[in-house]
Amino acid sequence: MDWIAVAGGLIIAYLLYSIYKAWQESRAPPPPPAKWMVGDLTAESLAFHNGYDWSKPTCLAVEGVIYDVSKSGDLYGPGKQYAVYAGRECARALAKDSLAVADCTADLSDCTEEELQRLRQKQAHFRDVYDEVGKVVPVKQFTLDELSRHDGSDPSLPMLLSIRGVVFDITTGKNFYGPDGIYPFAGHEVARAFALISTDVKDCNDNLEGLGAMEMDSLKEWEMKFNSKYPIVGQLVK
């Protein structure tokens with residue numbers, strides 16, 4: 001009987017400890033949300049982080065450094081006071097205390113010392129308040145031959161494709177667009193194929209002659225999907 005009593009006491013003690021531990025954990029503050037890194041973005045891709053796409057964080061750039069300002073939707077969200085900055089490089093606008101789209105650039109060549117000091121103060125504010133989540137990088141230029149090397153056959157290279165000359169990094173969609181995907185289009189210009197909803201690599205070109213309104217609407221839908229899902233990394237040159 002003594003052993004039964006001891007075992008029962010241990011079980012009760014363990015249950016009480018478990019309840020106390022769970023209560024303590026419930027009182028602890030939640031962990032901070034994980035930083036959403038957007039990584040290297042071209043200005044073209046940054047433009048889609050303007051607050052209109054709920055699946056993307058709202059971002060802006062200051063001298064090439066990208067900050068996630070999603071938590072200040074009351075300032076940078078659509079229709080708000082500083083919405084013009086969202087999705088743009090805004091160093092010049094911050095320096096000049098401007099809300100003009102024309103000033104949303106990195107050009108500081110004609111800024112006064114006072115304006116540059118204002119910019120430094122605002123940069124310090126962004127560093128203190130918001131997460132740095134990436135960098136703005138220049139658009140690369142690809143020939144068709146260079147693009148073809150990014151077809152997924154070399155795992156050390158990102159997978160790319162082009163739609164009407166705009167080159168997207170589709171590495172995360174390799175199961176769809178890689179060599180074994182339903183659309184094995186990596187490394188190609190695919191405007192005509194997408195317009196025709198074709199899976200034939202022979203249709204991978206930019207020739208849109210003879211296509212009707214339905215095919216062009218299909219192409220536009222594909223472009224919207226890619227702009228929302230994949231980063232723009234370059235331009236196709238001939």
Side-chain angles (χ1 to χ4, degrees), residues 35-142 160 162-169 191 206 216 219-238:
K35 183 188 296 187
W36 188 340
M37 296 299 297
V38 299
D40 292 343
L41 294 180
T42 60
E44 288 79 1
S45 282
L46 177 63
F48 290 96
H49 290 264
N50 58 5
Y52 285 92
D53 185 343
W54 63 268
S55 68
K56 295 179 182 291
T58 303
C59 298
L60 57 77
V62 184
E63 291 195 295
V65 178
I66 300 173
Y67 296 94
D68 182 349
V69 295
S70 301
K71 65 182 180 182
S72 296
D74 57 328
L75 295 175
Y76 301 100
K80 302 303 181 181
Q81 183 178 3
Y82 299 110
V84 68
Y85 295 162
R88 293 186 170 99
E89 164 61 62
C90 53
R92 180 183 178 84
L94 292 175
K96 292 186 172 293
D97 202 19
S98 168
L99 294 177
V101 173
D103 285 326
C104 289
T105 74
D107 181 13
L108 303 174
S109 59
D110 64 345
C111 290
T112 66
E113 188 58 39
E114 179 183 355
E115 289 170 338
L116 292 175
Q117 182 61 30
R118 181 186 297 126
L119 174 60
R120 301 297 171 241
Q121 291 173 351
K122 291 184 177 180
Q123 279 180 310
H125 168 74
F126 277 97
R127 285 193 293 266
D128 289 342
V129 176
Y130 302 111
D131 288 332
E132 179 182 328
V133 294
K135 303 283 186 184
V136 177
V137 295
V139 171
K140 299 178 181 178
Q141 293 190 330
F142 297 88
L160 309 177
S162 171
I163 307 177
R164 288 206 271 193
V166 178
V167 179
F168 296 88
D169 184 336
D206 62 355
M216 294 305 297
L219 175 57
K220 290 175 183 177
E221 289 178 6
W222 278 104
E223 287 176 319
M224 290 175 61
K225 174 183 177 180
F226 271 68
N227 282 326
S228 174
K229 193 169 184 179
Y230 300 111
I232 298 169
V233 296
Q235 298 173 330
L236 193 62
V237 295
K238 296 181 179 180

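Numbers for residues simply follow the sequence, beginning at 1.
Separation of atoms CD (Glu223) and NZ (Lys225) is listed at 13.5 Å; rounding is to 0.5 Å. Rounding to the nearest 0.5 Å gives a distance of 12.0 Å between CZ of Arg118 and CD of Glu113. The CG atom of Leu94 sits 12.0 Å away from the CG atom of Leu116 when rounded to the nearest 0.5 Å. From Asp68, atom CG reaches atom CG of Leu60 across 9.0 Å, with rounding to the nearest 0.5 Å.
A heavy-atom distance below 4.5 Å is found between the side chains of Ile163 and Leu219. Within the 4.5 Å cutoff, the side chain of Glu63 has heavy atoms near those of the Leu108 side chain. For the pair Phe226/Val166, no side-chain contact is recorded, criterion being any heavy-atom separation below 4.5 Å from C-beta on. Counting heavy atoms from C-beta on, the side chains of His49 and Val69 never come closer than 4.5 Å.
With sequence neighbours excluded, the residues forming a ring-ring contact (aromatic ring centres under 6.0 Å, His included) with Phe142 are His150, listed by chain and number.
Of the possible donor and acceptor atoms, one in the side chain of Arg92 sits under 3.5 Å from a partner among the backbone N and O of Asp107. Side-chain atoms of Lys71 come within 3.5 Å of backbone N or O of Val129 as a donor-acceptor pair. Not a single donor-acceptor pair under 3.5 Å links the side chain of Thr42 to the backbone N or O of Val233. At least one donor-acceptor pair under 3.5 Å links the side chain of Lys56 to the backbone N or O of Ser228. The backbone N or O of Gly64 lies less than 3.5 Å from a partner atom in the side chain of Glu89, making a donor-acceptor pair. Between the side chain of Gln235 and the backbone N or O of Val237 there is no donor-acceptor pair closer than 3.5 Å.
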Candidate pair Tyr67 and Asp131, rule side chain to side chain contact (heavy atoms under 4.5 Å, CB included), full reasoning: CA-CA 6 Å; Tyr67 296 94; Asp131 288 332; over 6 Å; no

From CA spacing to verdict: salt bridge (Lys or Arg N to Asp or Glu O under 4.0 Å), Lys140, Asp169: CA-CA 12 Å; Lys140 299 178 181 178; Asp169 184 336; over 6 Å; no

Chi angles and distances behind the side chain to side chain contact (heavy atoms under 4.5 Å, CB included) call for Cys59, Val133: CA-CA 9 Å; Cys59 298; Val133 294; 4.2 Å; yes

Test side chain to side chain contact (heavy atoms under 4.5 Å, CB included) applied to Asp110 and Glu115, step by step: CA-CA 10 Å; Asp110 64 345; Glu115 289 170 338; 5.9 Å; no

Full working for side chain to side chain contact (heavy atoms under 4.5 Å, CB included) between Lys122 and Asp97: CA-CA 10 Å; Lys122 291 184 177 180; Asp97 202 19; 3.2 Å; yes

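Of all heavy-atom pairs spanning Val62 and Leu119, the tightest one is CG1-CD1, 3.9 Å. Residue Val139 comes nearest to Gly234 through the heavy atom pair CG1-CA, 3.4 Å, listed as atom of the first residue, atom of the second, then distance. The two residues Phe48 and Asp53 come nearest to each other via the heavy atoms O-CB, 4.3 Å. For the residue pair Pro231 and Leu41, the shortest heavy atom distance occurs at CB-CD2, 4.4 Å.
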List the atom pairs, donor and acceptor, that lie under 3.5 Å between side-chain atoms in residues 72-88 and the rest of the protein, sequence neighbours left out.
unit_1 : atom_1 : unit_2 : atom_2 : d
Ser72  : OG     : Tyr130 : OH     : 2.7
Tyr85  : OH     : Ser98  : O      : 2.6
Arg88  : NH1    : Val84  : O      : 2.8

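Neither side chain, Arg120 nor Gln117, offers a donor N or O lying under 3.5 Å from an acceptor on the other.
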